[in-house]
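Every number for a ligand or one of its atoms is a count from 1 in the order of the listing.
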Amino acid sequence: MKEEEWKERKVVIVGAGAVGSTFAYALAQSGLADKIVLIDQNRKLAEGQVLDLSHGLPFVPTVQIRSGNVKDYTDAQAIVITAGAKQKPGESRLNLLMRNAAIMEDIVDTIVGQNSPAVIVVVSNPVDILTYIAQKRSGWPRSHVIGSGTVLDSSRFRYLLSQHCGVDIHNVHAYLLGEHGDSEFAAWSLTNIAGMPLDKYCPICNKCNDWRREQNKIVNAVRESAYHIIDYKGATYYAIGLALVRIVGAILRNQRSVLTVSTILDGEYGLKDVCLSVPSIVGQKGIELIVEGGLSSEELNALSQSASVLKSAIAELQKSNNTVTQRKI
Ligand code: NAD
């Protein structure tokens, strides 16, 4: 019998700040990766995070953690980009976006230059626009360049529904779709508990008087949750760290998990040339299938509204910087 070649499960994290390091911490505990490499333009920060994380190695499944460089892209299975610039006092949203777009283009050029076989997972915000830029810039198949999209928002949604309904979060199936941002919406048509759509489940449960009113409250709470956390503690990183373990785990183990990652659409849901989140099957090669259908006409309208918001942002960016997405040859 031919022995299968052992393949190291290597994850490179670009950006060793709050999100990158929290993801590394959660990934180390998960036992899903053999090697975790941290890269940051602030080398001392990357080194410091690596030392701190490595001192916990006796307490987690075997994994190697080290700082790295661009050569590490060549044999990575997943490259997770959390690098980003912070808003300067008085800086416009567009200027910040232009700076983050330039950072993304540089990183993607380097990854492509190293002939990396990895799936790129973009996390930096605005995640849908930066995923679009990363995808166009790379020239790679769209399946290989994905954004964390609304995986985090969907988990916030499931949490709030589980709290409201008093049901184990693992038995609440629910998705937030569209932009990772204000135009995102709840796909109620795809939401179920015990295999039942909520219109059927709610009369059995009978926990609230006016379920329709509760629906809006829950979705608004999801939309506002990041603002609240940032107001309370300056940044969000724990839940996104765990969401990234879920996404990267699906890639490393070829799990073919249904996840609401951000991807460039090419006619699905009647939309083209825009990155946003819809349910997709995620495995070793990134997105293996975009699951189309199941949305009500109201939800389809919300999806196309979200696409318009994102397309306008990309158009605005392209007007201000016409080199966006064009690779230097
Ligand atoms: P942070 O400032 O703590 O970390 C960002 C890191 O990126 C810094 O350490 C910085 O040195 C590094 N960096 C900047 N340019 C770089 C480059 N060219 N190469 C390598 N490293 C570079 O920020 P954070 O709190 O970790 O957030 C990171 C990003 O993740 C932000 O854009 C944030 O908005 C986003 N985020 C996304 C989600 C989501 O659901 N998609 C959730 C939370 C945060």
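Taking atom 4 (O) of ligand 1 as the reference point, the nearest protein heavy-atom neighbour is Gly17 CA, 3.3 Å. Closest protein heavy atom to atom 39 (C) of ligand 1: His180 NE2, 3.5 Å. Atom 22 (C) of ligand 1 has Ala83 CB, 3.4 Å as its closest protein atom, hydrogens excluded (heavy atom only). When only non-hydrogen protein atoms are considered, atom 3 (O) of ligand 1 lies nearest to Ala18 N, 3.0 Å. Of the protein's heavy atoms, Gly84 O, 3.6 Å lies nearest to atom 14 (C) of ligand 1. Distance from atom 18 (N) of ligand 1 to its nearest protein heavy atom, with residue and atom name: Ile103 CG2, 3.5 Å. The protein heavy-atom contact nearest to atom 30 (O) of ligand 1 is Ser124 CA, 3.9 Å.
Distances from atom 15 (N) of ligand 1 to the heavy atoms of Gln41, Arg43, Glu105 show the closest one on Gln41. Counting only non-hydrogen atoms, the option in Lys86, Gln49, Lys44 that gets closest to atom 2 (O) of ligand 1 is Lys86. Comparing Asp40, Asn125, Asn42, Val19 by heavy-atom distance to atom 11 (O) of ligand 1, the nearest is Asp40. Distances from atom 41 (N) of ligand 1 to the heavy atoms of Asp128, Val123, Leu152 put Val123 nearest.
Residues that satisfy the salt bridge (Lys or Arg N to Asp or Glu O under 4.0 Å) test with Lys272, not counting sequence neighbours, are Asp266.
Residues Ala250 and Ser257 share a closest heavy-atom pair of CB-OG, 3.7 Å.
There is no side-chain donor-acceptor pair under 3.5 Å between Gln114 and Thr74. Residues Thr150 and Glu184 bring no donor and acceptor atom of their side chains to less than 3.5 Å of each other. No side-chain donor-acceptor contact under 3.5 Å links Thr131 and Ser262.
The number of heavy-atom neighbours closer than 6.0 Å to CZ of Arg66, taken from other residues, nucleotides and ligands shown, is above 12. Atom CD of Glu292 has more than 12 heavy atoms from other residues, nucleotides or ligands within 6.0 Å.
The ligand atoms of ligand 1 that sit less than 4.0 angstrom from a heavy atom of Thr236 are 42 (C), 43 (C). In the vicinity of Thr82, heavy-atom distances shorter than 4.0 Å reach the ligand 1 atoms 5 (C), 28 (C), 29 (C).
Asp106 does not count as a contact of ligand 1, since none of its heavy atoms falls under 4.0 Å from the ligand. Between Ser148 and ligand 1 there is a heavy-atom distance shorter than 4.0 Å.
As a member of the Ile/Leu/Val/Met/Phe/Trp/Tyr network built from side-chain separations under 4.5 Å, Tyr227 groups with nothing else and remains a singleton.
For the pair Met104 and Tyr132, the minimum side-chain heavy-atom distance is 4.5 Å or more.
Counting heavy atoms closer than 4.0 Å to ligand 1, residue Leu45 contributes side-chain atoms (C-beta onward) but none from N, CA, C or O.
Relative ring orientation between His228 and Tyr232 is described as parallel, the plane-to-plane angle staying below 30° on a 0-90° scale split at 30° and 60°.
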